[in-house]
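Working notes, beginning with the structure itself.
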2 protein chains.
Amino acid sequence: MRETVTAKDVAKLAGVSQSSVSRVYFEGATVSEKTKKRVLDAAEELGYRPNVYARSLITNQSNIIGLVMKGVQNPFYAQVLKRFSSIFKQHGYSILFVYTNNDEIQQEDVETLLNYNVAGVVVTDATMLFSVGEEFKKNHIPLVFFNRKPNTGSFYSVCCNNIDGSRSIAHYLLSKGASELVLITGNVHTSTSIEREKGFCEVLDQQKVSYRKYNSDYTYEGGYQTAMTVLEEKRLPSAFFVANDIMAFGVIDALRKNDVRIPEDTKVVGFDNIAMASWPAYELTTWEQPIEEMIEETVNYLLEEIASYTGFVQDIEVDGKFMERKTT
Amino acid sequence: MRETVTAKDVAKLAGVSQSSVSRVYFEGATVSEKTKKRVLDAAEELGYRPNVYARSLITNQSNIIGLVMKGVQNPFYAQVLKRFSSIFKQHGYSILFVYTNNDEIQQEDVETLLNYNVAGVVVTDATMLFSVGEEFKKNHIPLVFFNRKPNTGSFYSVCCNNIDGSRSIAHYLLSKGASELVLITGNVHTSTSIEREKGFCEVLDQQKVSYRKYNSDYTYEGGYQTAMTVLEEKRLPSAFFVANDIMAFGVIDALRKNDVRIPEDTKVVGFDNIAMASWPAYELTTWEQPIEEMIEETVNYLLEEIASYTGFVQDIEVDGKFMERKTT
DNA sequence: CTGAAAGCGCTTACAG
DNA sequence: CTGAAAGCGCTTACAG
């Protein structure tokens with residue numbers, strides 16, 4: 001039924017040995033042009049396709065990259081997924097998509113990645129236990145935290161410059177004359193939220209500008225609810241810094257619902273610069289995460305480590321840039 | 001380095017044969033409780049994990065489902081991806097994510113799916129050549145077109161009831177007193193766009209109500225541009241039927257940009273009912289696609305065909321429902 | 001450059 | 001219920 005043509009069949013038809021057939025399909029092996037052609041012709045005729053399972057069994061390698069993510073609902077991650085998929089495809093890798101509902105990667109997900117002996121892993125929007133991380137190291141499987149700094153052990157990570165970004169945003173708002181401010185954070189334990197808070201508050205503390213902080217969850221609904229809470233307190237800040245764009249949209253919608261004019265009555269700044277930020281409905285001032293460069297850094301590292309594992313680890317920060325639009 | 005503990009090692013430690021170790025991990029095989037325990041203990045101690053490649057090589061099966069999609073940018077598909085991933089995970093399957101840039105599945109993508117001998121395939125937002133489809137059939141790999149009817153050969157497909165939906169929308173708009181209408185379609189060759197157009201126009205033709213048709217592309221930008229074009233003609237219709245929600249948002253934003261009031265000056269109806277449709281920024285009247293049921297139908301069919309292949313084929317249509325909000 | 005042969009880590013009849 | 005052995009479809013030293 002399924003896939004019955006083997007290298008042996010091709011060998012017979014081509015009049016060569018099975019080893020020669022194998023060499024034609026194995027990168028790096030040497031075969032004469034003549035046998036190569038005969039093999040390829042025979043293979044074509046029979047519809048031969050090398051069995052990846054037999055190959056992986058022997059080489060102990062795969063051409064699969066594990067992509068672990070939680071937040072496909074946020075267009076930022078949809079974009080990330082899309083770009084990783086097409087770039088890894090160009091390099092000959094397939095994507096094993098591991099969706100994790102929980103903040104933390106589950107043991108089950110790790111088993112899957114190890115079972116398929118993935119060549120490398122990208123983890124985005126999720127955390128990992130120390131013991132889990134060690135398993136990847138033990139197996140020499142390179143792993144990158146994308147848009148997250150690892151909270152456990154040391155791993156390669158690629159982020160944008162969150163602290164600088166949020167500092168710049170603070171300076172910008174102050175330059176616009178903002179006095180009392182509101183900060184809305186994302187999920188409390190994520191490095192991005194922690195860093196964006198840190199950079200922002202650092203500047204305000206230094207300048208002795210007062211602000212209120214609200215914890216939210218990086219979702220539209222979270223932003224909306226949080227803004228409603230702020231409004232109930234009847235103390236409208238002169239500006240909101242919201243830790244990501246999707247929450248900022250929720251904030252904007254809540255403000256509009258209450259007839260608060262933006263940017264006249266208060267200002268709103270997001271973080272990410274997802275495509276929607278430039279929609280006429282929002283025209284959100286935000287900080288652009290350099291997705292392309294971040295992905296490039298991630299892919300380059302993984303490919304190098306796959307080619308020759310060193311276990312080298314570093315926290316990469318790529319510079320983002322300020323995008324001024326109409327909410328400020 | 002990578003994964004060195006084999007069934008042989010476990011067998012030695014447990015004092016049983018390698019076959020017995022294998023039987024412990026192979027569903028359906030019979031082993032006594034006693035040997036099972038000894039094997040499991042030994043396996044735990046050594047950190048044994050069965051090699052999926054060796055297994056697949058012999059069984060000629062995999063626990064991988066291929067998920068082919070193009071439009072992760074549309075939140076509808078992000079939701080679809082998320083749900084498929086978590087449901088298939090529950091059933092013990094992993095997801096091979098195949099992102100296709102082109103409307104048509106590329107040969108390369110098909111090779112990948114066949115190479116990994118996927119247990120089943122879901123194709124969404126993409127078309128396929130006849131010859132390609134036949135390859136899946138030949139290999140007895142079940143395939144479902146999700147939210148698309150196959151334009152080539154016969155395959156199982158799962159959609160919502162597009163024609164009924166768009167008919168209902170037409171009736172609804174007429175009942176609201178709409179006279180001259182505008183229809184904005186999605187990608188011309190997609191079954192969803194064709195059907196939504198068909199149902200809508202059928203009713204209007206029957207009632208002798210005039211309308212103008214514009215072809216667009218199922219993207220926000222496409223919707224925005226198309227609405228701008230409509231506005232340039234200085235003949236504002238009494239309502240727009242836009243073939244999906246994300247385009248409808250573009251239409252709404254373009255109308256607002258031109259100070260057209262919704263629903264006073266004109267009305268807008270979308271299709272999909274993605275989460276954003278209920279955002280205060282849009283409050284879009286639309287047709288709800290019953291994603292959960294559609295996914296259930298897809299998964300059930302695939303699991304049955306995986307268990308025992310019949311090649312049975314059908315076009316499933318699940319009933320959606322009208323969602324009235326504030327754009328009408 | 002090529003072939004014969006061993007072996008990757010499993011599953012699966014086949015005996016017992 | 002269990003073990004010895006064959007074999008899945010490849011890669012890879014090893015000779016020649």
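The chains referred to below are lettered A, B, ... by the order of the sequence lines, with proteins before strands, and numbering in each begins at 1.
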- With a 3.5 angstrom cut-off on both distances, give the Watson-Crick or G-U wobble partner of D:dC1, or none if there isn't one.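 Its partner is C:dG16.
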Just checking A:Y48 against A:Y25, ring centres under 6.0 Å apart?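 Yes, ring centres under 6.0 Å apart.
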[X] has an atom [atom1]; how far is it from atom [atom2] of [N], in whole Å?
{"X": "B:Y25", "N": "C:dC10", "atom1": "OH", "atom2": "P", "result": "10 Å"}
{"X": "B:R55", "N": "D:dG7", "atom1": "CZ", "atom2": "P", "result": "22 Å"}
{"X": "B:K12", "N": "C:dC10", "atom1": "NZ", "atom2": "P", "result": "14 Å"}
{"X": "A:Y48", "N": "D:dG9", "atom1": "OH", "atom2": "C1'", "result": "7 Å"}
{"X": "B:F26", "N": "D:dC1", "atom1": "CZ", "atom2": "P", "result": "16 Å"}
{"X": "B:E27", "N": "C:dC10", "atom1": "CD", "atom2": "C1'", "result": "16 Å"}
{"X": "B:Y53", "N": "D:dT11", "atom1": "OH", "atom2": "P", "result": "14 Å"}
{"X": "B:E33", "N": "D:dC1", "atom1": "CD", "atom2": "P", "result": "10 Å"}

Nearest to the side chain of [X] - [options]?
{"X": "B:R23", "options": "C:dA4, C:dC1, C:dA13", "value": "C:dA13"}
{"X": "B:T59", "options": "C:dC10, C:dT12, D:dC10", "value": "C:dT12"}
{"X": "A:S22", "options": "D:dT11, D:dT2, D:dG9", "value": "D:dT11"}
{"X": "B:L57", "options": "C:dG9, D:dC10, C:dA4", "value": "C:dG9"}
{"X": "B:S19", "options": "D:dG3, C:dA4, C:dC10", "value": "D:dG3"}
{"X": "B:S20", "options": "C:dA5, D:dG3, C:dT12", "value": "D:dG3"}
{"X": "B:I58", "options": "C:dT2, C:dG9, C:dG3", "value": "C:dG9"}

On DNA chain D, nearest-nucleotide positions of B:A54 versus B:V16: which is more 5'?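 First, find each residue's nearest nucleotide; the 5'-ward one identifies B:V16.
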Review point. Mapping B:K36 and B:Q18 to their closest nucleotides on DNA chain D, which lands nearer the 5' end?
Key: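 Final value for this comparison: B:K36.
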If you go through the side-chain atoms of B:R49, does one of them form a donor-acceptor pair with the base of C:dG9 closer than 3.5 Å?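 For B:R49, whose side chain was compared with the base of C:dG9, there is no donor-acceptor pair (under 3.5 Å).
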Between [Y] and [X], is the closest basic N to carboxylate O distance under 4.0 Å?
{"X": "B:R83", "Y": "B:E296", "result": "no"}
{"X": "A:R49", "Y": "B:E135", "result": "yes"}
{"X": "B:K149", "Y": "B:D315", "result": "no"}

Phosphate OP1/OP2 of C:dA4: any A:S17 side-chain N/O under 4.0 Å: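 Indeed not, no polar side-chain atom of A:S17 lies that close.
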At less than 4.0 Å, is any side-chain N or O atom of A:T6 found next to OP1 or OP2 of D:dC8? Yes or no.
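Answer is no, no contact under 4.0 Å.
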For A:K137, does the NZ atom sit with more than 12 other heavy atoms under 6.0 Å from it, leaving out its own atoms?
->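 Yes, enclosed.
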- Message: If you count every heavy atom of other residues, nucleotides or ligands that lies below 6.0 Å from B:H189 atom NE2, does the total exceed 12?
- Response: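 No, the 6.0 Å shell around NE2 holds no more than 12 heavy atoms from other groups.
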Base, sugar-phosphate, or nothing for A:T35, non-hydrogen atoms under 4.0 angstrom?
->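 Sugar-phosphate only.
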Sugar-phosphate only, base, or nothing, as touched by A:V21 at under 4.0 Å among non-hydrogen atoms: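 Nothing, no nucleic acid heavy atom in range.
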